[in-house]
Amino acid sequence: MKTIILAFILSITIHILFLYNYKLEKKEEKVEKTFDKKAKDNKSTITYVKLTKPKPIVKEVVKPKEQLVQKEYKKELKKVPKKIEPQKKEKKPIIPIKKEAKKQIQKEEQNFKKVQEEIKPQERRKSVDKKSLENFLLSEPVLDKELLDEVTKSYIKLYGEEYNKFTKVQKAFLQNSLKKIGEITQRYLYEKGYPRIAVRTGQQGVNVVEFFLYPNGDIKDLKIINSSSYATLDKNTIETIEIAYKDYPRPKEVTKIRIYVYYRLY
């Protein structure tokens with residue numbers, strides 16, 4: 001019984017496959033026919049066009065202007081510039097001077113020299129009087145602040161706007177001498193020695209000192225503007241300047257001096 005059923009199923013599947021292949025063949029035939037029809041239709045719509053060769057474009061040849069230039073150049077060569085002859089200078093006749101006229105001229109020259117010799121010392125006095133005392137005393141020019149060294153700049157900053165009120169002589173002295181005054185003070189400070197109490201307690205700091213320096217070398221109104229916050233250091237600074245001022249450079253006018261005094265333990 002089982003074998004009959006299996007045979008029946010196989011026969012059915014074979015029939016189904018046969019029918020399926022048959023349908024596929026028919027579809028392929030239909031597709032081929034439609035493709036042939038479209039190809040025929042396309043052939044009927046094709047139009048043929050005759051191609052004609054384009055006419056060549058003829059460019060107008062411009063003749064070079066060499067011939068014209070050569071002709072003009074030849075004409076210019078033919079034109080020879082005329083020679084310019086230098087004008088002859090007419091010699092003026094020399095008129096002889098009489099002896100009497102020569103004597104008068106010599107006398108006038110001598111009188112003129114005498115007058116000049118008398119006038120010269122008076123003019124010199126006037127020129128000295130006209131010069132201001134400031135310009136007369138000013139031996140060195142006043143430089144711009146930016147051209148100064150850093151140490152001098154730091155000293156000048158202590159003055160603030162007051163620096164602009166000083167005379168040219170005072171400014172020139174400060175620019176050239178503040179650094180020297182500071183170096184001399186520090187040298188005397190080291191020679192004198194660090195205060196023993198300050199060494200034991202480890203005191204360090206900076207003083208700002210002010211005083212007036214006179215042309216004869218004296219100093220007045222010596223005081224500390226900015227304290228080091230240690231009395232021993234402040235006192236030592238004043239004592240040192242009272243000894244060191246003798247070696248300071250001398251100004252031509254009374255000048256206010258402001259400098260730093262440094263205390264450092266190494």
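All heavy atoms count here, side chains included; hydrogens, waters and symmetry mates do not.
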Exercise for the section: Each residue besides I197 in its hydrophobic cluster should be listed here, by chain and number; the cluster joins Ile, Leu, Val, Met, Phe, Trp and Tyr at side-chain heavy-atom distances under 4.5 Å. Expected result: none
Extract all donor-acceptor atom pairs below 3.5 Å that involve side chains of residues 254-261 and protein atoms in other chains or at least two apart in sequence.
residue, atom, partner, partner atom, Å
T255, OG1, E253, O, 2.9
K256, NZ, E162, OE2, 2.7
R258, NE, E210, OE1, 2.7
R258, NH1, L158, O, 2.8
R258, NH2, E210, OE1, 2.8

Problem - Residue list, side chain to side chain donor-acceptor pair (under 3.5 Å) with T201, at least two apart or on another chain - result: Q203
Exercise for the section: Can you sort out the partners of S177 under side-chain contact (heavy atoms from CB on, under 4.5 Å), two or more places apart, ordered by chain and number? Expected result: F173, I181, P249
Fill in the blank from the handout: Taken in chain and number order and not counting sequence neighbours, the residues that satisfy side chain to side chain donor-acceptor pair (under 3.5 Å) with D221 are none
Problem - side-chain contact (heavy atoms from CB on, under 4.5 Å) partners for I4, two or more places apart - result: none
Practice task
Apply side-chain contact (heavy atoms from CB on, under 4.5 Å) to D149 and list each qualifying residue two or more places apart in sequence or on a separate chain.
Solution key: V151, T152, K179
Exercise for the section: Specify whether Y159 and Y163 have parallel, tilted or perpendicular ring planes, treating 30° as the upper limit for parallel and 60° as the lower limit for perpendicular. Expected result: tilted
Practice task
Tell me, please, which residues at least two apart from Y155 pass side chain to side chain donor-acceptor pair (under 3.5 Å).
Solution key: none
Handout entry: Results of salt bridge (charged side-chain N to carboxylate O under 4.0 Å, His left out) for D247 - residues two or more places apart only
Key = R187
Exercise for the section: State whether F211 and K223 meet the cation-pi test: NZ (Lys) or CZ (Arg) under 6.0 Å from the six-membered ring centroid, and within 45° of the perpendicular axis. Expected result: no
Practice task
Could you tell me whether K192 atom NZ has more than 12 heavy atoms of other residues or ligands within 6.0 Å of it?
Solution key: yes
Exercise for the section: Output all residues satisfying side chain to side chain donor-acceptor pair (under 3.5 Å) with Y245, sequence neighbours left out; order by chain, then residue number. Expected result: none
Fill in the blank from the handout: Taken in chain and number order and not counting sequence neighbours, the residues that satisfy side-chain contact (heavy atoms from CB on, under 4.5 Å) with I238 are L222, I224, E242
Completion exercise
Sorted by chain and number, sequence neighbours left out, ring pair (Phe, Tyr, Trp, His ring centres under 6.0 Å) with Y230 holds for none
